Amino acid sequence: MLTSAAEPLLSVAGLQSGYGKIRVLHGIDFEVSPGEVVALLGPNGAGKTTMLRAVSGLLPVNAGQVRFGGRDITNASPREAARAGLVHVIEGHRVFTQISVTDNLLLAGYDLARRERAARVEEALSFFPEIAEKRHQFGGALSGGQQQMLTVAQGLVRRPRLLMLDEPSAGLSPVLVDRVISVIDQLRARGTAIVLVEQLLGKALAAADRVYALVQGHVVLQASTAEANLPQRLERAYFGHEVSALAQPAQP
Ligand code: ATP
């Protein structure tokens, strides 16, 4: 079934997940519309990375449902999710340092027909001129920040309908952070939806259409970034003063 205009691209309902017996997410409801940029915020340890992992199939979903593009993808493998158009660029992902930049990108499109794969690599490189310049060099010849951008470019080779970025700015210089944000703006202009986990609140609010705040595995706030006083409301939510989900009892 295809997504109708009214249906979100990603729809997560009552999601519970964690690590073995350790439950981290206690029933998350989360939606992303086609072409929307959504920031997922929250203090360290809130469960943001866990949430992305559970959605993209890297962690088992213990309860709840994940729908993407009108299909139930709960507990689908990361490969199946990526084939459906949901691509997760994991935090701290490393590139292959002993093969060329181009080969790193070709690997990301391993299952595509040769001509299509070459076209996708060019398309991904067009977002990152600084990497395109070094396409014949080893991945290891790129700076740390450029390697991080290469991991985003690898995600773009999949031509995602939804790209989930886990702290893409971590460890980047302010100039490179702005480069990443400008790529997010370009992707949004092309209709790609994005979920952005980001510690830099100002950057996240500037880039996103909506935000969700997660605290201790609960959604405590969701809002449009156009709403007033959002930084103050987020701060209150982090410290437990915003009503909504924190008032609900934790799932056993
Ligand atoms: P950060 O901003 O620090 O990355 P986060 O919101 O992404 O935080 P998670 O990394 O999802 O948070 O962690 C949520 C909880 O799950 C934390 O209590 C963390 O200690 C725990 N956790 C994370 N990874 C594992 C793991 N591999 N095994 C067990 N517990 C884990």
Side-chain angles (χ1 to χ4, degrees), residues 10 12-32 37-66 74-75 77-78 81 86-94 144-145 147-148 151-152 155 162-172 174 176-177 180-181 184 194-208 210-223 225 230-231 233-242 244-246 248-252:
L10 175 71
V12 173
L15 177 70
Q16 296 184 29
S17 184
Y19 304 89
K21 288 186 179 156
I22 306 169
R23 185 63 47 88
V24 173
L25 304 177
H26 303 283
I28 302 290
D29 295 328
F30 183 89
E31 285 186 353
V32 181
V37 178
V38 174
L40 181 57
L41 307 171
N44 288 338
K48 304 179 295 293
T49 294
T50 304
M51 153 105 181
L52 299 194
R53 285 183 184 149
V55 167
S56 66
L58 288 167
L59 270 181
V61 171
N62 302 117
Q65 199 186 41
V66 180
T74 315
N75 283 320
S77 69
L86 191 164
V87 169
H88 177 188
V89 177
I90 60 180
E91 187 185 7
H93 175 67
R94 296 272 169 266
Q147 288 187 24
Q148 212 155 310
T151 68
V152 178
L162 174 64
L163 183 66
M164 302 200 298
L165 299 172
D166 197 350
E167 297 202 30
S169 71
L172 295 188
L176 285 185
V177 171
V180 169
I181 299 292
I184 290 172
I194 293 169
V195 173
L196 174 66
V197 170
E198 185 50 71
Q199 296 290 353
L200 301 173
L201 186 61
K203 300 285 180 194
L205 294 185
R210 274 190 317 123
V211 295
Y212 284 81
L214 217 58
V215 174
Q216 293 178 6
H218 297 271
V219 172
V220 294
L221 177 74
Q222 57 163 307
T225 50
L230 203 45
R233 288 180 62 199
L234 282 164
E235 197 175 325
R236 282 203 303 276
Y238 287 7
F239 291 107
H241 300 304
E242 190 86 27
S244 69
L246 266 192
Q248 295 171 7
Q251 300 286 327

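Atoms within each ligand, like the ligands themselves, are counted from 1 in listed order. Quick caveat, the model's predicted, so the values are computed rather than measured. Just the heavy atoms: all of them, side chains too, but no hydrogens, waters or symmetry mates, feed the values below.
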Sub-4.0 Å atoms of ligand 1 with respect to non-hydrogen atoms of A46 | 5 (P), 6 (O), 12 (O)
Work out which heavy atom in V66 is nearest to a heavy atom in V12; give both atom names and the distance.
-> CG1-CG2, 4.4 Å
Pick from T50, L40, I22: the one approaching atom 11 (O) of ligand 1 most closely through a non-hydrogen atom | T50
the protein heavy atom lying closest to atom 3 (O) of ligand 1 turns out to be N44 OD1, 3.3 Å
Decide whether the shortest distance between a heavy atom of G217 and an atom of ligand 1 is less than 4.0 Å.
-> no
Show which atoms of ligand 1 fall inside a sub-4.0 Å distance from at least one heavy-atom site of P43.
-> 6 (O)
4.0 Å heavy-atom contact, G47 with ligand 1 = yes
Minimum non-hydrogen distance to atom 14 (C) of ligand 1, winning option of S17, A54, G45 = G45
How about atom 20 (O) of ligand 1: does it have a protein heavy atom within less than 4.0 Å?
-> no
In the protein, what heavy atom is nearest to atom 10 (O) of ligand 1, and what distance, to one decimal place, separates them?
-> T49 CB, 3.7 Å
Does Q199 approach ligand 1 within less than 4.0 angstrom via side chain, backbone, both or neither, non-hydrogen atoms only?
-> side chain
Subset of ligand 1 atoms that lie under 4.0 Å from at least one heavy atom of E167 = 2 (O), 4 (O)
Close side-chain approach of F30 to V195, heavy-atom, < 4.5 Å = yes
Side-chain touch S169/E198, heavy atoms, less than 4.5 angstrom | yes
Mind checking whether H26 and H218 have parallel, tilted or perpendicular rings, split at 30° and 60°?
-> parallel
Please tell me if the side chains of I194 and V32 come closer than 4.5 Å, counting only heavy atoms from C-beta onward.
-> no
Purely on distance, is any nitrogen or oxygen of V24 under 3.5 Å from one on ligand 1?
-> no
Provide the closest heavy-atom pair for G64 versus T74 in the form atom of the first, atom of the second, distance.
-> O-CG2, 3.7 Å
Does a donor on one side chain and an acceptor on the other come within less than 3.5 Å for Q147 and R94?
-> no
Quick one: does R53's side chain get under 4.5 Å of I90's, heavy atoms only?
-> no
To the nearest 0.1 Å, how far is atom 26 (C) of ligand 1 from its closest protein heavy atom, and which atom is that?
-> Y19 CD2, 3.4 Å
Between A207 and I184, which heavy-atom pair has the shortest distance, and what is it?
-> CB-CG2, 4.5 Å
